[in-house]
Each structure stands twice: as C-alpha cells, then as structure tokens.
Amino acid sequence: DFARSLVCPFKLGMLGVDALRFTESLQGTHDHTSCRSGSTCPLQHLFFDAEVHRSVATNLVAQGGQIVNSIGSHAVQATVAASFQDIGAALHTHARAVGKELLDLEVNSTVKKYLLEALVLLHNPRVQDVGRSVGRALLSSSTLRSLKLVQGHLVNSLWEQLGFIQRM
C-alpha cells in the first residue's frame, strides 16, 4: 500500500514523509459529491463532476478531428477527468484564496444544468463567431476609458448578431 510505504522513513527517507504530509493536506480536496437534483454543492466540485468531464470531452472529440477521434472518447474523457481533478487540487494547494472562494460559492442543480448547456454550445461555430466578435470589440475598445462607452461599443459591434445571441 502506497501510504504505508511513505510512512517508513527508512524506505523513502524524508521525501516520503514530506509526500505523506502533502497527501494528508489534500485529503479534504478529493472528497467531492455531485450536485444532485434539488441540492447545492460548492462550485469547486464541478472540477470533479463526471457530467462536466463528459461534456468537455464531447466538445474536444467534436472539435479535435481525426487525431482526437483516433484516441477514443473514453480515453479523452479519462484525460479530461484527470486534468480537471489536477486543476481542482492545484487550486486548493497553490491558490488557496481561489480554492476557498470556489468552495464558498454554492451551485445548485439548475445552475449546473445551465453551465452544462453552455459547455455544449462552445463547439457551435456560430457561438464561436460571437466569442470572436466580442474579443475583437473588446480589443478595439481598449482606448475607451468609461465602462458605459465600452458597453455601448460592444452593443454596437454585436448588433448584427443580436437575434442569434437572444435565441441562445
């Protein structure tokens, strides 16, 4: 067992003891439950949520072309899950303030549903076009000093796409 091998300082030396201390400090970060219907959970739990992993993996497979498709959707989903879990744990470890804030913010099942729907929309080319338009408008408004002026510039820049944005 991994934990027992770390406990023995003669086997792995002080690095083993340090690793054990580190894993003990992370113990609370890996105990995550999904947002169930009618309940709430901390926003950070979405890094560990199978539905989020599945949605992101589906987008990657849809956008990745032959290379990603050749890997297989299960392997992509496993990679996404491992990556998101690493990010969630790293936030808790290396950016404690952000990790604490993500634990303090509660997400209910309705908000989670909308976040999943937004993830699905990310691979839609028209949504990507809107994102690029927003990016271009923000870049071109960098000289504007007032928030009202920036908002007005964004509205004017996106006016042609308003109908599509409203239907999203």
Side-chain angles (χ1 to χ4, degrees), residues 1-7 12-139 142 150 154 165 168:
D1 163 303
F2 176 71
R4 271 194 225 122
S5 67
L6 289 177
V7 171
L12 294 174
M14 287 309 294
L15 288 177
V17 174
D18 289 343
L20 180 61
R21 286 186 193 125
F22 176 73
T23 57
E24 285 174 351
S25 74
L26 289 178
Q27 218 156 18
T29 66
H30 293 292
D31 181 29
H32 300 283
T33 57
S34 297
C35 291
R36 290 181 179 78
S37 181
S39 68
T40 63
C41 66
L43 183 60
Q44 186 179 23
H45 286 203
L46 295 182
F47 283 106
F48 300 86
D49 190 273
E51 287 180 280
V52 172
H53 301 160
R54 194 169 24 262
S55 183
V56 170
T58 300
N59 280 341
L60 287 173
V61 169
Q63 294 296 308
Q66 281 184 320
I67 294 172
V68 176
N69 283 326
S70 68
I71 296 170
S73 60
H74 292 295
V76 172
Q77 187 170 336
T79 303
V80 166
S83 299
F84 272 50
Q85 290 168 5
D86 288 347
I87 291 167
L91 282 172
H92 180 74
T93 304
H94 301 293
R96 289 194 183 276
V98 175
K100 182 180 177 342
E101 195 165 328
L102 290 174
L103 284 171
D104 291 343
L105 292 171
E106 292 286 322
V107 177
N108 63 28
S109 57
T110 303
V111 171
K112 178 185 169 186
K113 180 184 116 186
Y114 289 131
L115 287 171
L116 289 170
E117 288 176 9
L119 285 172
V120 169
L121 288 173
L122 288 178
H123 78 277
N124 181 321
R126 294 197 59 203
V127 172
Q128 293 172 6
D129 286 343
V130 170
R132 283 188 283 277
S133 296
V134 169
R136 282 190 297 275
L138 287 173
L139 284 173
S142 63
V150 171
L154 278 172
I165 294 170
M168 286 195 295

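Quick caveat, the model's predicted, so the values are computed rather than measured.
With respect to Asp129 and Arg126, no salt bridge is recorded, no charged nitrogen being found less than 4.0 Å from a carboxylate O.
With rounding to the nearest 0.5 Å, the separation of NE2 in His94 from CD1 in Ile87 is 12.0 Å. Within the model, atoms CG of Leu105 and OG1 of Thr40 stand 11.5 Å from one another, a figure rounded to the nearest 0.5 Å.
No donor-acceptor pair closer than 3.5 Å links the side chain of Ser55 to the backbone N or O of Glu51. Looking at His53, its side chain does come within 3.5 Å of a backbone N or O of Phe47 through a donor-acceptor pair. Formation of a donor-acceptor pair under 3.5 Å by the Gln128 side chain with backbone atoms of Leu122 is found in this model. With hydrogens and angles disregarded, a donor-acceptor distance shorter than 3.5 Å links the side chain of Gln44 to the backbone of Gly88.
Taking a 6.0 Å sphere around CD of Glu101, one finds it holds 12 or fewer heavy atoms contributed by other residues, nucleotides or ligands.
Here the closest non-hydrogen pair linking Lys112 and Val107 is N-CG1, 3.8 Å. The nearest pair of heavy atoms linking Ile71 to Val76 is CG2-CG2, 4.2 Å.
Residues Thr58 and Val61 are not in side-chain contact: their nearest non-hydrogen atoms beyond the backbone lie 4.5 Å or more apart. A 4.5 Å side-chain heavy-atom check between Leu119 and Leu116 finds at least one atom pair inside the cut-off.
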